Structures are given as structure tokens and as C-alpha cells.
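Because only heavy atoms are used, hydrogens play no part in the values below, and waters and symmetry mates are left out as well, while side chains stay in. Note that the structure is predicted; figures quoted are calculated from it, not measured. Residue numbers run from 1 in the order of the sequence given.
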Amino acid sequence: MEEKLMTDDERIAEEVVVDGLTFVPFLKRDEIRRQVKRVASELRRDLEGKRPLFICVLNGAFIFAADLIRECGINDCSVTFVRYKSYEGMSTTGNVKQLVGLTEDLTGRDVVIIEDIVDTGLTAKQMIADIKKQGPESVRFVTLLHKPASSKTGFTPDYAAFTIPPSFIIGYGLDLDGKVRNLKDIYVIKE
């Protein structure tokens, strides 16, 4: 008997339960891939002839950043990491803390911040302010997910793979208290 190969979209779990909370499929991996390619193409065009420094915001953006940087195909780039924290469990604390900072000289560099999600905009604005103090040539902000309805600052990223409603999501690097970052798809909490 011949075994049928399943496509990525057929492999998506119907529900994921984490700490007693149920999440249902929201964005499938094939759709995520398409949007990562689109954003990478826009970045590649805008960074032509430049030697960018990609700054991945840990922990949530590591999967998106790896896929995006590979897809950009800019060989003369550098990658580094920062870590800011503003969430506890499923909600923002309203306080932005820098846990891991930069050691690179940003003077004259074209900086691209890669974030997993822009929710209130507080962390994004703080990161950009911190980076601009170091004299970069330019600063671009890329996010996988943008929740404009949750904004407290009016911040809009330069590039966003998806604009989504203000629901809690997990997967593809996004977590619930450090869990389920490994999911290849993105899930939304079941209301």
C-alpha cells in the first residue's frame, strides 16, 4: 500500500492545550513562509548596496529572524541579539526592561530590528530610542505580527508580515511562559 504524503497544511494540529488553555490554528506555516518571503524581498530591495546589522529581539523573534535573514540573502550583513521584557504570562506589565544589550558599535550602520510582535508599541519605541542614541545611519523595524488595536503609542513598524486582532497567540517562536515556541504554525487562544 502506498503511503500518502501529507502537505504542511494538512499536518497542523486542530488544537493545542497549554497550561489548561486551548489554542486553535490561526496562521499556517505555508502562509507564514509566503509572508516571510514578501518581507525579505522588501528588505532586500531597501537595503541594496548596504551592509546591514540585523538585531534579533530574544526570545520570541529567533525563528522569524533566522527565516527572514536567510530569505533576504544579504551576505554582507551582521547579526546580533538583544533581549527586552514587558510580558508576564498573557499580559503586558507596561514596564520595559532591557535584559541583554548590544555590544556592537552602531555608528553609521544600517540597523534592522527584528521583533516577533508589536502589541502596545512600548518595547518597540524603547528599543528604537536606545539604538538611535548610538548613531546609526538608519533604523528599520520589522515584525512578524502587528496588533494596531492594542497600541498605546501609535507606533507602526516599517515592515509587518501580518496585521492581526488583539488576541493572544502562540507558536513560531511566540510562547506562553516559555512554552510552545517550537510550533511551526501560529495558534490563537480559543475564546
task = Determine, step by step, whether Phe64 and Val142 satisfy the side chain to side chain contact (heavy atoms under 4.5 Å, CB included) criterion, reporting the C-alpha distance in whole Å, the side-chain angles of both residues, the deciding distance to 0.1 Å, and the verdict.
result = CA-CA 10 Å; Phe64 174 51; Val142 182; 3.9 Å; yes
What distance do [X] atom [atom1] and [Y] atom [atom2] have between them, rounded to the nearest 0.5 Å?
| X | Y | atom1 | atom2 | result |
| --- | --- | --- | --- | --- |
| Leu176 | Asp19 | CG | CG | 5.5 Å |
| Phe81 | Ile55 | CZ | CD1 | 11.0 Å |
| Glu31 | Phe26 | CD | CZ | 8.5 Å |
| Arg44 | Asp46 | CZ | CG | 11.0 Å |
| Arg140 | Asp110 | CZ | CG | 6.0 Å |
| Asp116 | Arg181 | CG | CZ | 7.5 Å |

Are the side chains of [Y] and [X] in contact, using a 4.5 Å heavy-atom criterion?
| X | Y | answer |
| --- | --- | --- |
| Ile131 | Leu102 | yes |
| Thr123 | Val57 | no |
| Ile170 | Val16 | yes |
| Tyr172 | Asp67 | yes |
| Leu43 | Leu68 | yes |

ask   = Parallel, tilted or perpendicular for Phe141 and Phe155, by the 30°/60° rule?
value =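 Taking Phe155 first and then Phe141, their aromatic rings stand perpendicular (interplane angle over 60°).
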What closest approach, in Å, do [X] and [Y] show between heavy atoms, and which atom pair accounts for it?
| X | Y | result |
| --- | --- | --- |
| Ile32 | Lys184 | CD1-O, 4.0 Å |
| Ser150 | Asp119 | CB-OD1, 2.7 Å |
| Ile114 | Ala61 | O-CB, 3.5 Å |
| Gly108 | Glu137 | O-CB, 3.3 Å |
| Phe62 | Gly173 | CE2-CA, 4.3 Å |
| Val180 | Asp175 | CG2-CA, 4.5 Å |

message = Please determine whether side chain to side chain contact (heavy atoms under 4.5 Å, CB included) holds for the pair Glu104 and Arg109, giving the CA-CA distance in whole Å, both sets of side-chain angles, and the decisive distance to 0.1 Å.
response = CA-CA 10 Å; Glu104 289 76 11; Arg109 295 295 305 266; 6.0 Å; no
task = Please test Leu145 against Leu174 for side chain to side chain contact (heavy atoms under 4.5 Å, CB included), starting from the C-alpha separation and ending with a verdict.
result = CA-CA 10 Å; Leu145 304 163; Leu174 295 116; 3.7 Å; yes
ask   = Do side-chain atoms of Lys37 reach the backbone of Glu71 as a donor and acceptor pair under 3.5 angstrom?
value = no
inquiry  = Check for me, please, whether Phe168 and Val17 land in the same ILVMFWY cluster - side-chain distances under 4.5 Å, paths through other members count.
reply    = no
ask   = Any salt bridge between Arg29 and Asp185, counting N to O under 4.0 Å?
value = yes
task = Carefully, step by step, assess Asp177 and Val18 under the rule side chain to side chain contact (heavy atoms under 4.5 Å, CB included).
result = CA-CA 10 Å; Asp177 291 331; Val18 186; over 6 Å; no
